[in-house]
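Just so we're clear, the structure is a prediction, and the values are computed from it rather than from any experiment. Worth knowing before you read on, the calculation uses all heavy atoms, side chains too, and leaves out hydrogens, waters and symmetry mates. Each ligand, and each atom within it, is numbered from 1 in the order the structure gives.
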Amino acid sequence: MIIRTKNSSQLTEADVTPEKIYKARRHFMAQSGMGLSALALGLPGLAQANALSYSKTAYGKGETLTPEDVVTSYNNFYELGTGKDDPVKNAHQLKTDNWEIEIAGEAEKTGTFPLAELVKQQQIEERIYRLRCVEAWSMVIPWVGFSLADMLKQFKPTSKAKYVEFTSIMDTKNLSGQRNRFSTIDWPYVEGLRMDEAMHSLSFMATGLYGKTLPNQNGAPIRLVVPWKYGFKSIKSIVKIRFTDQQPKTTWNLLAPNEYGFFANVNPTVDHPRWSQGSERRLPTSFFNVRRMKTQMFNGYEEVASLYKGMDLQKFY
Ligand code: MTE
């Protein structure tokens with residue numbers, strides 16, 4: 001994402017330089033003699049130390065995966081800095097021990113639950129999804145996690161629950177991005193879905209990727225993945241889930257409503273005010289191989305189209 005600063009009106013999506021991937025990759029290689037996820041979690045062992053057990057699924061079968069080192073070193077996680085290589089460098093700032101999630105609002109079962117308890121009840125599986133960032137780059141990521149609907153159902157949302165609001169960790173002491181006085185974000189990071197979107201079978205909670213525990217820079221220990229929406233909806237490091245009858249006030253929508261809508265469905269016919277959304281660069285790109293491809297409606301996940309029947313998606317972008 002590009003924060004609107006004094007000079008940002010001149011920025012285009014080309015400012016998100018692909019070369020940064022290679023810089024970040026070199027940084028990772030230099031830092032790490034061990035597996036990246038082990039490094040990010042501060043574990044002394046090798047990556048196998050946090051290998052997960054999960055079942056494979058047909059989601060994304062046949063897609064060419066974005067290399068793991070790109071997925072884990074080219075990130076957007078503003079709590080850990082605004083540069084693409086800041087999150088991996090600052091990953092240690094995110095403290096994930098004894099993680100709890102507060103469940104609040106319009107549901108029969110509310111309260112604060114240890115993450116381990118919530119995950120224990122879920123069917124853990126791998127799903128390969130395309131991730132399309134609003135900045136017009138994309139990746140293909142093998143996530144490990146479980147269905148969001150399965151998780152939400154156990155709290156028995158009431159008929160008043162029209163939306164689900166998600167909140168990320170707030171930790172100004174440790175997260176340097178939340179202390180940055182130039183940051184225009186009103187922390188914590190908040191995202192939301194309409195109830196029917198949240199209950200759609202594609203909506204996913206990830207606790208891992210590439211068969212390993214989720215690295216901090218990718219939103220450990222648990223993050224949302226909504227593959228038909230721009231990446232900013234896929235909120236990281238979730239500490240609170242609230243059922244509500246009001247549309248949640250979400251971070252990027254509050255910051256620049258004309259640039260980032262609440263729905264944020266991937267839509268090649270609705271351009272960002274400063275760049276086209278008609279195409280995307282599939283990472284990793286290089287000077288000689290830009291890997292530009294056409295962006296597909298709903299990022300190619302046409303099965304969600306019925307959720308928006310009768311809605312003007314030019315207006316509700
Ligand atoms: N969640 C939080 N809490 N903070 C962020 O800055 N960035 C979003 C999203 N979730 C962000 C976040 C954006 S803009 C994108 S594109 C994706 O995370 C990137 O996920 P990745 O770094 O795992 O590829």
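For ligand 1, the 4.0 Å heavy-atom shell takes in M1, N75, N76, F77, Y78, E79, L131, C133, S168, Y189, N218, R223, G231, F232, S234, I235, K236, ordered by chain and residue number.
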Please set out all donor-acceptor pairs under 3.5 angstrom arising from side-chain atoms of residues 196-205, sequence neighbours excluded.
residue : atom : partner : partner atom : Å
D196    : OD1  : R194    : NE           : 2.8
D196    : OD1  : R194    : NH2          : 3.4
D196    : OD2  : R194    : NH2          : 2.9
E197    : OE1  : R194    : N            : 2.8
E197    : OE2  : K229    : NZ           : 2.7
E197    : OE2  : Y308    : OH           : 2.5
H200    : ND1  : L202    : N            : 3.1
S203    : OG   : E197    : O            : 2.8

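The shortest side-chain heavy-atom distance between N267 and L313 falls under the 4.5 Å cut-off. The side-chain heavy atoms of D245 and Y163, taken from C-beta on, include no pair separated by under 4.5 Å.
Considering only residues two or more places apart in sequence or on other chains, D150 meets the side chain to side chain donor-acceptor pair (under 3.5 Å) condition with none of them. By the side chain to side chain donor-acceptor pair (under 3.5 Å) test, E125 pairs with R127, sequence neighbours left out.
Salt bridge status for K156 with E108: absent, with no side-chain N to carboxylate O gap under 4.0 Å.
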